[in-house]
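Report on one structure; see the data block that follows.
In what follows, chains are A, B, ... by sequence order, proteins preceding strands, each numbered from 1.
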Amino acid sequence: MYNHKRIEQKWQKYWLDNEIYKADNNSDKEKFYYLIEFPYPSGAGLHVGHVRSYTALDAVSRKKRMMGYNVLFPIGWDAFGSPAEQYAIKNHIHPSKAVTENVKEFKSQIQKLGILFDWSREFSTADKEYYKWTQWQFLKFFEHGMAYKAKKNINWCPVCKVGLSNEDSSGGVCERCGSKVVQKEKEQWMLKMSDYAEQLIEGLDKTEFQERTKTAQINWIGKSLGAEILFDIKDTTDKLKVFTTRPDTLFGVTFMVIAPEHPLIKKYEDKISNIKEVKDYQEFANSKTEFERTNLVKEKTGVKLQGITAINPINNTEIPVYISDYVMMSYGTGAIMAVPAHDERDYEFAKKFNIPIIEVLQQDENKKTDGAMTSDGLHINSGFLNGLNKEDAIKKMIEYLEANKIGNSKVNYKLQDWVFSRQRFWGEPIPLIHCDKCGWVAVPYDKLPVELPTVTEYVPTDDGESPLAKIDSFVNTTCPKCGAPAKRETDTMPNWAGSSWYWLRYMDPHNDKEFVGKDALNYWGMVDYYNGGMEHATRHLLYARFWHRFLYNIGLVPTEEPFKKRVSHGMILGENGEKMSKSKGNVVNPDDMVELYGADALRCYEMFIGDYEKEASWSEAGLRGCRKFLDRVDRLQEKVKDVNNYSPNLEIIINQTIKKVSYDLDNMKYNTAVSALMILLNKMEEQESITKKDYITFLTLLNPIAPHITEELNSKFNDIPICKSSWPEYDENKTKDKTISLAVSVNGKLRATIKVEADTSEEELKKLAFANENVKKFTLDKEIIKVIVVPNKIVNIVVK
RNA sequence: GCCUGUGUGAUGGAAUUGGUAGACGUGCUGGACUCAAAAUCCAGUGAUAGCAAUAUCGUGUGGGUCCGAGUCCCACCACAGGCACCA
């Protein structure tokens, strides 16, 4: 057993002293940019899940460096956020203090693992040198009309008197105090992300994300093709506009539904005879939280608008209008035409309110006895559409609508604008000032950053404003335009803001003139590999792509998309197969594992644990197995003879292993890379002796995964450390075995395996196959129909 | 409900993309070394039958294509993740 503590300390110091980790901004070499999602420095410290992804990218960046690339592999800290804020309120300290302590702990844990992040580029999103530029970029959005203020409902805990994120209010209950969350209307800053829906879909073509990531994003954006149709409102000059994906069913409309918040109600208050009932319903709908509205209540509710009647433009039929919360103001036009015969929701509503149902599509054979028929079918009761299928009927209807100016084709997206305000203090202040005369005015660029005050007492307000609103010295200022007294915006940016451009800052982290220098942007270009959790496949990744695309559109960055490849590591579960959590008592602390088995063994195990992209259960026995493997590598040094060639016995398998490990590391197949090295080790142990070159090559191949012990062993035979030498190359001609075990099957069933020389002719293989005793048993008195020969693989004899 | 994945020994997982299923690791069994244990080393380990050679079965289930299917096609079942009254 080697002493891992001594060896690991020694080499970690060597790498730091020699700045092996450093990326160079003025290099002639080809660049490669690896990125991990920067961690939130929580008090809980590093998780074995962090170790998995950090090791994976550390391994490939070590390999790429040996291959002569200028590798950028940076880290920073996503330091704003509510846990640090809670902690600060409770303990009356400034959150930056808690963050600093946690960062120190994280950093030391990471360094003990031998991960070579470029520490010269480290920063935190809460550094004012960084958030200055976050604010600067926000002002670019503001300047280009991409930021606006709007009333939005937020989740509100009436007991804690605080706005909650959807995550903190899941189940309709406040995560902290358990009381019922209600909706509260607040003015919020919004970014016009919905304008970018199409660009965010198209941009995916320029990336190499996995299919599952792409589809998650496409679903989230939710593009749908359809039409807008105008319905006259009887006895008025107004029209009611609806969006539908099935304009072909217009002849089947028997009622309409508008969202409870639809402006039409306010406008025709006087015409609506049951206005009291309507208003009660509006209030009822508004009191529901997002959770109740989407998850609990499936039974349709609603109220008919007495006195309001719409006219179907296709046949001038009078149509009743209802309000119901199954129609959302935020999607489409906030109004629908209901076709109960062919839409499940409309059907339920019609049943409940006894509304007639008109079928306009022929039923297929397997029609349901109860419910709407939503599949395709030939049109009936539909005038000029009769006999057409769905596709043709939609086309024809849209032509008709456009010709008669009662509608048009239309694309809609589910993607909404980004609510960019938080009523919190531990975030980037939004750099805007409100002046009674001039309205919202940007803080001048040369006055950035708008710094967070350094007080340590934060008093929550009663009305849901940010605690910053109580700090007069922060709030009161003068208007940059007219000089009159004015007030600062007290909302801060969401946690997603700082993480929406951090990969750009890594390219040029100390620039105090620009958010990133042009040369750095052009040199580093796109992130080549971006590793992160599947849980960020929609939100963070969409925000980041949106932000970057905006910067591109206004000419600040050279690429449309920020990330070329996205890879996601699977979660590491506890030994019992459940998610690690304190309450389940199955949390594994990486520090303990490093202490007991060493960083190399931990790294090696986490790479070997299974398919990198899939989740895997922790097994300490498996970790011990990897330590055993490294101990065997250590013991192998006793067999080394001072020879500078490969052993003849090992030459082929070494060439095969170089090829395999190179391919596997490039393709994130770490588990099979480790396995290939184990196979090679087994082979080497069988030998009487091995050569120096055999051993050094083996150590170099293992080095990206287990860097410390391999450097130590290498140093006994080689003056050049592995981190300064180059990645081994293989000779394709020497990767082919000389003898092959050939499978012989009869009617597809394996009957024998025979040893043959590589590239034996087909004729010869046939002969050898038929000569085998066991094969004879199955072929002798049978009729041979045909013989299939796949050279170097298999001979299959078909008999009758 | 829709979308995306995944189902392989006791167990984590391999399988060069249609060509010898179970590599490699863990666990287990037996043996060597030891007074004994640990560590280490050697052998075995999908199921059934057989002393054995070998045979039959076997990659969630049922069908299909093919000389040949874990891999391709159809139907279904289970689990995981994402979206969800989105018109």
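- Among the nucleotides A55(B), A15(B), C85(B), the one closest to the side chain of Phe778(A) is A55(B).
- For Ser675(A), taking side-chain heavy atoms from C-beta onward, the closest of the listed nucleotides C85(B), C83(B), C24(B) is C24(B).
- Nucleic acid contact for Lys628(A): sugar-phosphate only, since backbone atoms but no base atoms lie under 4.0 Å from a heavy atom of the residue.
- Between Ser324(A) and the phosphate of C85(B), there is no side-chain N or O to OP1/OP2 separation shorter than 4.0 Å.
- With hydrogens and angles ignored, no donor-acceptor pair under 3.5 angstrom links the side chain of Lys414(A) to the base of C83(B).
- Checking A87(B), C24(B), G19(B) against the side-chain heavy atoms of Met328(A) singles out A87(B) as nearest.
- In this structure, Gly222(A) reaches neither bases nor backbone, as no heavy-atom distance under 4.0 Å exists between it and the strands shown.
- Within 4.0 Å (heavy atoms only), Ile679(A) reaches sugar-phosphate atoms of the nucleic acid but no base atom.
- Ion pair Glu198(A)/Lys223(A) flagged as a salt bridge, since at least one NZ, NE, NH1 or NH2 atom sits closer than 4.0 Å to an Asp/Glu carboxylate oxygen.
- For Ser619(A) against U26(B), a side-chain-to-base donor-acceptor contact under 3.5 Å is absent.
- A salt bridge links Glu228(A) with Lys241(A): the distance from a Lys NZ or Arg NE/NH1/NH2 to an Asp or Glu carboxylate oxygen falls below 4.0 Å.
- Arg751(A) has a side-chain polar atom (N or O) that falls below the 4.0 Å cut-off from OP1 or OP2 of U56(B).
- For Lys614(A) and G12(B), the shortest distance from a side-chain N or O to OP1 or OP2 is not below 4.0 Å.
- Heavy atoms of Glu535(A) sit nowhere under 4.0 angstrom from any nucleic acid atom.
- Taking every side-chain heavy atom of Leu750(A) into account, A21(B) is the closest of G12(B), G25(B), A21(B).
- In this view, Phe353(A) and Tyr322(A), Phe349(A) satisfy the ring-ring contact (aromatic ring centres under 6.0 Å, His included) rule, not counting sequence neighbours.
- The residue Asp611(A) sits close only to the backbone: its heavy atoms come under 4.0 Å of sugar-phosphate atoms, none of a base.
- Within the 4.0 angstrom heavy-atom criterion, no nucleotide atom of any strand lies near Met534(A).
- Residue Arg635(A) places at least one side-chain N or O under 4.0 Å from the OP1 or OP2 atom of C41(B).
- We find that Lys659(A) and Glu732(A) are joined by a salt bridge, their nearest charged nitrogen and carboxylate oxygen being less than 4.0 Å apart.
- Note on Glu685(A) versus Lys639(A): no salt bridge recorded, every NZ/NE/NH1/NH2 to OD/OE distance being 4.0 Å or above.
- In the set C67(B), G25(B), U20(B), the nucleotide with an atom closest to the side chain of Asn682(A) is G25(B).
- For Asn774(A), whose side chain is taken as the heavy atoms from C-beta onward, the closest listed nucleotide among A55(B), C85(B), C24(B) is A55(B).
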*Pair assignment for RNA chain B - dot-bracket with | for other-strand partners, Watson-Crick or G-U under 3.5 Å*: (((((((..(((......[....)))((((((.......))))))((((....))))..(((((..]....))))))))))))....
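- For the pair Arg566(A) and Phe209(A), the NZ or CZ position fails the cation-pi test of under 6.0 Å to the six-membered ring centre and within 45 degrees of the ring normal.
- Distances were taken from every side-chain heavy atom of Asn796(A) (C-beta onward) to each of C3(B), G19(B), A87(B); the shortest belongs to G19(B).
- With 3.5 Å as the limit, one finds no donor-acceptor pair spanning the side chains of Asp731(A) and Asn655(A).
- The phosphate of A14(B) (OP1 or OP2) has a side-chain N or O of Asn671(A) nearer than 4.0 angstrom.
- Counting any heavy atom pair closer than 4.0 Å across all strands shown, Thr244(A) reaches sugar-phosphate atoms only and no base atom.
- The side chain of Lys749(A) approaches U56(B) more closely than any other nucleotide in the set A87(B), G12(B), U56(B).
- Distances from the side chain of Thr215(A) to the nucleotides A87(B), A14(B), C3(B) place C3(B) closest.
- Within 4.0 Å of Ser741(A), counting heavy atoms only, lies at least one base atom of the nucleic acid.
- Qualifying ring-ring contact (aromatic ring centres under 6.0 Å, His included) partners for Tyr543(A), counting only residues two or more places apart in sequence or in other chains: Trp418(A), Trp496(A).
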_Run the salt bridge (Lys or Arg N to Asp or Glu O under 4.0 Å) test on Glu348(A) and Lys351(A) for me, step by step, so that the C-alpha distance in whole Å, both residues' side-chain angles and the decisive distance to 0.1 Å come before the verdict._
CA-CA 5 Å; Glu348(A) 284 171 33; Lys351(A) 278 281 165 199; over 6 Å; no
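- Considering only the side chain of Asn219(A), C3(B) comes nearest among A87(B), C3(B), U20(B).
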